[in-house]
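Here's the structure we're looking at; comments come further down.
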Amino acid sequence: MSRLVLICAAALLIPPVLVAQPLTGSRAVYLEDAQGHRQHIADVSFDAEGRYSVTMQAAPFTDHFLSMRPFKCLEGPDKHWCHVPYPYPIARQVGPEDLTDLEYDFLFLWKGASDYGIDMWNGVYYRLTEEEGRLVGRLHEMDMGLLAVPPAEGVMRPLRDVDLEQSDPGSHWLPVLVIE
(Lines give C-alpha, C1' and ligand atoms only; values in the text may rest on other atoms or scores of the structure.)
Protein backbone atom coordinates (compact mmCIF):
# COMPACT_ATOMS: atom_id res chain seq x y z
CA MET A 1 0.00 0.00 0.00
CA SER A 2 2.78 2.47 0.85
CA ARG A 3 4.43 1.71 -2.50
CA LEU A 4 1.24 2.84 -4.30
CA VAL A 5 1.23 6.06 -2.29
CA LEU A 6 4.87 6.73 -3.28
CA ILE A 7 4.11 6.09 -6.96
CA CYS A 8 1.13 8.46 -6.88
CA ALA A 9 3.14 11.11 -5.06
CA ALA A 10 5.97 10.80 -7.59
CA ALA A 11 3.49 11.12 -10.47
CA LEU A 12 2.26 14.42 -9.04
CA LEU A 13 5.81 15.78 -9.03
CA ILE A 14 6.32 15.20 -12.78
CA PRO A 15 6.41 18.60 -14.46
CA PRO A 16 3.55 19.15 -16.92
CA VAL A 17 6.08 19.80 -19.71
CA LEU A 18 6.93 16.10 -19.72
CA VAL A 19 3.29 15.16 -20.28
CA ALA A 20 2.75 16.79 -23.67
CA GLN A 21 -0.80 17.25 -24.87
CA PRO A 22 -1.47 15.42 -28.12
CA LEU A 23 -2.25 17.64 -31.08
CA THR A 24 -5.74 16.47 -31.93
CA GLY A 25 -8.93 18.15 -32.99
CA SER A 26 -9.36 21.64 -34.38
CA ARG A 27 -7.40 24.68 -33.25
CA ALA A 28 -7.43 28.34 -34.23
CA VAL A 29 -4.35 30.14 -35.56
CA TYR A 30 -3.70 33.77 -34.64
CA LEU A 31 -1.07 36.36 -35.46
CA GLU A 32 -0.42 38.65 -32.52
CA ASP A 33 1.10 42.12 -32.30
CA ALA A 34 3.31 43.41 -29.48
CA GLN A 35 0.28 44.67 -27.52
CA GLY A 36 -1.41 41.26 -27.64
CA HIS A 37 -4.03 42.18 -30.28
CA ARG A 38 -4.80 39.12 -32.37
CA GLN A 39 -6.01 38.36 -35.86
CA HIS A 40 -7.59 34.96 -36.52
CA ILE A 41 -5.90 33.86 -39.76
CA ALA A 42 -6.57 30.11 -40.02
CA ASP A 43 -7.84 26.91 -38.46
CA VAL A 44 -5.86 23.67 -38.20
CA SER A 45 -7.40 20.20 -37.82
CA PHE A 46 -5.19 17.42 -36.41
CA ASP A 47 -5.93 13.69 -36.51
CA ALA A 48 -4.71 11.12 -33.96
CA GLU A 49 -1.59 10.30 -36.04
CA GLY A 50 -0.42 13.92 -36.22
CA ARG A 51 -1.57 14.59 -39.79
CA TYR A 52 -3.19 17.96 -40.22
CA SER A 53 -4.95 20.26 -42.66
CA VAL A 54 -4.98 24.06 -42.71
CA THR A 55 -7.93 26.25 -43.69
CA MET A 56 -6.95 29.89 -44.12
CA GLN A 57 -9.53 32.52 -43.12
CA ALA A 58 -10.63 34.85 -45.90
CA ALA A 59 -11.85 37.82 -43.84
CA PRO A 60 -8.68 39.37 -42.45
CA PHE A 61 -6.79 39.13 -45.75
CA THR A 62 -7.00 41.46 -48.74
CA ASP A 63 -5.94 40.65 -52.30
CA HIS A 64 -2.75 42.25 -53.59
CA PHE A 65 -0.93 41.81 -56.88
CA LEU A 66 2.74 42.29 -56.03
CA SER A 67 5.78 41.66 -58.22
CA MET A 68 3.58 39.98 -60.83
CA ARG A 69 2.01 37.53 -58.34
CA PRO A 70 -1.22 37.43 -56.34
CA PHE A 71 -0.90 37.56 -52.55
CA LYS A 72 -3.31 37.50 -49.61
CA CYS A 73 -2.11 40.17 -47.19
CA LEU A 74 -2.95 41.52 -43.77
CA GLU A 75 -2.79 45.30 -43.90
CA GLY A 76 -1.11 47.00 -40.98
CA PRO A 77 -0.52 50.69 -40.39
CA ASP A 78 3.16 50.53 -41.40
CA LYS A 79 3.64 47.01 -42.79
CA HIS A 80 1.65 44.46 -44.73
CA TRP A 81 2.03 40.77 -43.90
CA CYS A 82 1.57 38.63 -47.05
CA HIS A 83 1.01 34.88 -46.77
CA VAL A 84 3.28 32.73 -48.93
CA PRO A 85 1.85 29.22 -49.39
CA TYR A 86 4.76 26.77 -49.37
CA PRO A 87 5.04 25.74 -53.05
CA TYR A 88 6.55 22.26 -52.68
CA PRO A 89 5.33 18.95 -51.21
CA ILE A 90 5.42 18.44 -47.45
CA ALA A 91 3.99 15.58 -45.41
CA ARG A 92 1.71 17.81 -43.29
CA GLN A 93 2.44 15.70 -40.23
CA VAL A 94 3.69 16.79 -36.82
CA GLY A 95 4.87 15.06 -33.68
CA PRO A 96 5.84 16.05 -30.14
CA GLU A 97 9.41 16.90 -31.19
CA ASP A 98 8.79 18.00 -34.79
CA LEU A 99 6.54 20.90 -35.82
CA THR A 100 8.46 21.82 -38.98
CA ASP A 101 5.76 21.01 -41.55
CA LEU A 102 3.34 23.29 -39.69
CA GLU A 103 5.98 26.05 -39.67
CA TYR A 104 6.21 25.78 -43.48
CA ASP A 105 2.45 26.36 -43.78
CA PHE A 106 2.72 29.80 -42.15
CA LEU A 107 5.39 31.55 -44.19
CA PHE A 108 4.94 35.27 -44.81
CA LEU A 109 6.66 38.19 -46.51
CA TRP A 110 6.38 41.67 -45.09
CA LYS A 111 6.43 44.88 -47.08
CA GLY A 112 6.10 48.50 -46.17
CA ALA A 113 2.49 49.70 -46.39
CA SER A 114 3.41 52.22 -49.09
CA ASP A 115 5.90 50.00 -51.00
CA TYR A 116 4.93 49.03 -54.53
CA GLY A 117 6.40 45.52 -54.70
CA ILE A 118 7.86 42.91 -52.42
CA ASP A 119 11.44 42.17 -51.40
CA MET A 120 12.19 38.45 -51.09
CA TRP A 121 14.69 39.25 -48.32
CA ASN A 122 11.75 40.13 -46.06
CA GLY A 123 10.69 36.55 -45.36
CA VAL A 124 8.99 35.65 -42.07
CA TYR A 125 9.28 32.20 -40.49
CA TYR A 126 7.61 31.36 -37.18
CA ARG A 127 9.60 28.77 -35.18
CA LEU A 128 7.02 26.84 -33.15
CA THR A 129 7.32 25.45 -29.62
CA GLU A 130 4.72 23.95 -27.34
CA GLU A 131 3.91 26.17 -24.37
CA GLU A 132 1.23 25.19 -21.85
CA GLY A 133 -0.87 23.15 -24.27
CA ARG A 134 -0.67 25.60 -27.17
CA LEU A 135 1.83 26.20 -29.95
CA VAL A 136 3.65 29.54 -30.00
CA GLY A 137 5.71 30.72 -32.96
CA ARG A 138 8.46 33.29 -32.55
CA LEU A 139 9.35 35.37 -35.59
CA HIS A 140 12.54 34.58 -37.46
CA GLU A 141 13.68 36.44 -40.55
CA MET A 142 14.74 34.66 -43.73
CA ASP A 143 15.50 35.25 -47.37
CA MET A 144 12.40 33.87 -49.12
CA GLY A 145 14.50 33.67 -52.28
CA LEU A 146 15.87 30.41 -50.87
CA LEU A 147 12.56 28.83 -51.91
CA ALA A 148 12.56 30.20 -55.46
CA VAL A 149 14.06 26.99 -56.84
CA PRO A 150 12.55 23.57 -56.03
CA PRO A 151 14.61 21.56 -53.53
CA ALA A 152 16.51 18.47 -54.64
CA GLU A 153 14.46 15.32 -55.08
CA GLY A 154 13.58 13.80 -51.71
CA VAL A 155 14.35 16.99 -49.76
CA MET A 156 11.08 18.06 -48.18
CA ARG A 157 12.57 20.61 -45.77
CA PRO A 158 15.14 22.74 -47.57
CA LEU A 159 15.39 25.48 -44.92
CA ARG A 160 18.21 25.02 -42.42
CA ASP A 161 18.83 26.64 -39.05
CA VAL A 162 21.52 28.85 -40.62
CA ASP A 163 18.86 30.22 -43.03
CA LEU A 164 16.80 31.63 -40.14
CA GLU A 165 17.70 34.60 -38.00
CA GLN A 166 15.80 35.28 -34.79
CA SER A 167 14.21 38.69 -35.01
CA ASP A 168 13.80 41.49 -32.53
CA PRO A 169 10.06 41.22 -31.70
CA GLY A 170 9.78 44.99 -31.30
CA SER A 171 10.89 45.60 -34.88
CA HIS A 172 7.92 43.89 -36.51
CA TRP A 173 4.17 44.30 -36.56
CA LEU A 174 3.17 40.64 -35.91
CA PRO A 175 6.02 38.95 -33.99
CA VAL A 176 4.01 36.01 -32.59
CA LEU A 177 1.92 33.20 -34.08
CA VAL A 178 -0.34 31.27 -31.67
CA ILE A 179 -2.18 27.99 -32.29
CA GLU A 180 -4.68 27.07 -29.58
Side-chain angles (χ1 to χ4, degrees), residues 27-45 52-94 98-129 135-180:
R27 297 182 183 213
V29 181
Y30 303 93
L31 284 175
E32 194 173 280
D33 69 15
Q35 291 75 38
H37 299 109
R38 292 178 159 189
Q39 292 196 46
H40 182 202
I41 62 159
D43 292 298
V44 181
S45 294
Y52 69 88
S53 63
V54 174
T55 304
M56 297 299 289
Q57 296 290 310
F61 292 96
T62 57
D63 292 324
H64 288 259
F65 195 72
L66 306 166
S67 300
M68 304 302 290
R69 292 184 47 203
F71 283 92
K72 301 281 187 188
C73 300
L74 299 168
E75 296 180 343
D78 299 317
K79 292 182 181 178
H80 291 179
W81 233 243
C82 301
H83 182 243
V84 180
Y86 184 66
Y88 310 113
I90 55 175
R92 290 211 163 71
Q93 185 154 6
V94 294
D98 187 3
L99 301 168
T100 307
D101 285 357
L102 197 53
E103 293 170 347
Y104 277 45
D105 272 313
F106 295 105
L107 298 174
F108 288 84
L109 282 169
W110 67 265
K111 69 173 220 70
S114 61
D115 293 347
Y116 177 70
I118 56 171
D119 184 345
M120 297 303 280
W121 284 92
N122 295 337
V124 174
Y125 185 101
Y126 291 98
R127 172 80 34 96
L128 291 168
T129 57
L135 301 177
V136 177
R138 306 280 181 227
L139 189 142
H140 287 66
E141 296 178 64
M142 63 172 282
D143 175 5
M144 197 65 73
L146 294 169
L147 300 176
V149 176
E153 178 127 4
V155 175
M156 294 183 74
R157 297 173 173 178
L159 299 175
R160 304 162 302 155
D161 285 339
V162 298
D163 298 326
L164 307 174
E165 184 176 325
Q166 189 165 2
S167 177
D168 170 18
S171 68
H172 286 288
W173 174 41
L174 299 167
V176 179
L177 181 133
V178 177
I179 302 174
E180 59 184 13

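Quick caveat: nothing in here was measured; it's all calculated off a predicted structure. One-based numbering along the sequence shown.
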Quiz item: side-chain contact (heavy atoms from CB on, under 4.5 Å) with L31: which of L139, V176, L74?
Solution: L74
Practice problem: Can you see which heavy atom on M156 is nearest to which on A91, and at what distance? | Solution: CE-N, 3.4 Å
Exercise. Go through R127 and L99 one step at a time and tell me if the side-chain contact (heavy atoms from CB on, under 4.5 Å) criterion holds.
Key: CA-CA 8 Å; R127 172 80 34 96; L99 301 168; over 6 Å; no
Quiz item: When rounded to the nearest 0.5 angstrom, what is the spacing between CD in E103 and NE2 in H140?
Solution: 8.5 Å
Quiz prompt | Shortest non-hydrogen separation from Q39 to P60 and the atoms involved | solution = OE1-CB, 3.7 Å
Quiz item: Is the closest side-chain heavy-atom distance between L107 and L147 below 4.5 Å?
Solution: yes
Quiz item: With sequence neighbours excluded, what pairs up with F71 under the ring-ring contact (aromatic ring centres under 6.0 Å, His included) test?
Solution: none
Exercise. Any chance you could measure D143, atom CG, to L164, atom CG, to the nearest 0.5 Å?
Key: 11.0 Å
Quiz item: Within a radius of less than 6.0 Å around CZ of F65, do more than 12 heavy atoms belonging to other residues, nucleotides or ligands occur?
Solution: yes
Exercise. Supply the atom-to-atom distance M142 CE to L109 CG, rounded to the nearest 0.5 angstrom.
Key: 8.5 Å
Self-check item: Under 3.5 Å: donor-acceptor pair, side chain of D101, backbone of V94
Solution: no
Quiz item: Taking it one step at a time, do R27 and D43 satisfy salt bridge (charged side-chain N to carboxylate O under 4.0 Å, His left out)?
Solution: CA-CA 6 Å; R27 297 182 183 213; D43 292 298; over 6 Å; no
Exercise. For residues F106 and M56, report the shortest heavy-atom separation together with the two atoms involved.
Key: CE2-SD, 4.0 Å
Quiz item: From S171 OG over to K79 NZ, what is the distance, rounded to the nearest 0.5 angstrom?
Solution: 5.5 Å
Self-check item: Min side-chain heavy-atom separation N122-V124 under 4.5 Å
Solution: no
Practice problem: Check L102, V44, V178 against L135 for a side-chain contact (heavy atoms from CB on, under 4.5 Å) and give me the one that passes. | Solution: L102
Self-check item: Separation between CG of D33 and NE2 of H172, rounded to the nearest 0.5 Å
Solution: 14.0 Å
Quiz item: Would one find more than 12 heavy atoms of other residues, nucleotides or ligands at under 6.0 Å from atom CD of E165?
Solution: no
Practice problem: Drop me the distance from Y30's OH to L174's CG, to the nearest 0.5 angstrom. | Solution: 14.5 Å
Quiz item: Side chains of H40 and V29: closer than 4.5 Å at any heavy-atom pair?
Solution: no
Practice problem: Taking the side chain as every heavy atom from C-beta outward, state whether K111 and I118 have any atom pair closer than 4.5 Å. | Solution: yes
Quiz prompt | Side-chain heavy-atom pair H64, H80 within 4.5 angstrom cut-off | solution = yes
Quiz item: How would you list all residue pairs meeting side chain to side chain donor-acceptor pair (under 3.5 Å) that involve residues 81-92, not counting sequence neighbours?
Solution: W81-Y126, R92-D105
Quiz prompt | Side chain to side chain, V136 and E32, heavy atoms closer than 4.5 Å | solution = no
Quiz prompt | Heavy-atom check, side chain of D78 versus side chain of W173, under 4.5 Å | solution = no
Self-check item: Side chains of Y104 and P158 in contact at under 4.5 Å (non-hydrogen atoms)
Solution: yes
